Amino acid sequence: PKWSVGRDSVENVIIVSHGVTIRAFIMMWCHLSPEWFEVNANPPNCSIIRIDDSECKGYVCGGYSNAHGLPISLKDIGIKEDPRLLELQRTRSRRFRRSAHEYQWTIQDTEAAAELFSIMDRDNSGTVCSEEASDILGGDEDSNSILRKTAELGPITFETFVSILHKESQMRATPIQYCEILSLACKVARGELGKLEAQQAYLELVKDAHPAPTPFQEDDESRIV
């Protein structure tokens with residue numbers, strides 16, 4: 001332990017005390033939070049808790065019950081994790097998952113968005129109104145963010161259009177590049193594909209981007225033995 005530097009003769013220390021004092025000592029020595037102190041009960045009589053340096057390793061002897069004086073099995077006793085530490089770990093995990101799955105908008109996505117915007121902008125005004133968006137995209141305001149925004153804001157510019165799509169790409173995970181989805185929307189808008197054909201093409205793109213794993217073959221030379 002750190003405190004024993006220069007004291008070579010000291011290898012182990014035994015502390016005998018009462019339950020509340022033991023919990024308080026572990027909390028302070030192991031740098032645990034007050035929440036840890038609250039969620040853990042006092043150690044049973046004659047129980048033994050092991051601490052290595054400043055890490056609590058848990059019970060090595062369960063001690064005896066107060067009611068009947070019977071031995072307590074280690075299977076029936078334990079020390080709970082620090083709630084504050086668990087919450088910190090969950091927060092970090094959520095942040096990691098968000099960053100790991102965050103979609104990276106590309107120049108190809110912007111180019112495909114420009115093509116779709118030009119198709120919707122039938123009067124070449126440089127803006128798209130709710131009627132133009134509805135004619136091309138269909139659906140309703142609840143399921144389509146473009147229709148919802150054009151209804152709320154009125155005609156939108158290309159910059160606003162891209163901003164909406166970019167925000168949507170961050171909120172909804174897509175299995176393929178956004179430009180591929182927008183390209184299919186352009187083909188439907190130009191009448192080159194029907195909606196059912198576009199849906200099938202979308203599924204094929206997803207299938208190509210995420211092929212199913214090859215079944216294990218008995219004679220596969222690359223298998224691990």
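Source: prediction; values computed, not measured.
Note that the OG atom of Ser17 and the CD1 atom of Ile22 stand 5.5 Å from one another [nearest 0.5 Å]. In this structure, OG in Ser183 is found 11.5 Å from CD in Glu111, a value given to the nearest 0.5 Å. Interatomic distance, Leu88 CG to Arg84 CZ, rounded to the nearest 0.5 Å: 10.0 Å. Leu182 CG to Leu165 CG: the interatomic distance, rounded to the nearest 0.5 Å, is 6.0 Å. In this structure, Ser54 OG and His31 NE2 are separated by 5.0 Å, a value rounded to the nearest 0.5 Å.
In terms of modelled atom types and a separation under 3.5 Å, the side chain of Arg23 and the main chain of Phe37 share a donor-acceptor contact. With hydrogens and angles ignored, the 3.5 Å screen pairs a side-chain donor or acceptor of Trp29 with a backbone N or O of Asp53. A donor-acceptor pair under 3.5 Å is formed between the side chain of Glu197 and the backbone N or O of Gly194.
Here Ile79 pairs with Trp36, Asn40, Ile49, Cys56, Tyr59 under the side-chain contact (heavy atoms from CB on, under 4.5 Å) rule; sequence neighbours left out. Residues meeting the ring-ring contact (aromatic ring centres under 6.0 Å, His included) test with His166, sequence neighbours left out: Trp105.
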Are Thr160 and Ser163 close enough, and set up right, to give a side chain to side chain donor-acceptor pair (under 3.5 Å), and what steps lead you there?
-> CA-CA 5 Å; Thr160 303; Ser163 176; over 6 Å; no

Decide yes or no on side chain to side chain donor-acceptor pair (under 3.5 Å) for Glu168 and Tyr178, but give the supporting numbers first.
-> CA-CA 10 Å; Glu168 188 177 72; Tyr178 230 72; 2.6 Å; yes

Quick one: do Asp121 and Ser118 satisfy side chain to side chain donor-acceptor pair (under 3.5 Å)? Show the steps, please.
-> CA-CA 5 Å; Asp121 182 18; Ser118 65; over 6 Å; no

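Ion pairing between a basic and an acidic side chain is recognised when a charged N comes within 4.0 Å of a carboxylate O; Glu55 and Arg50 show no such pairing.
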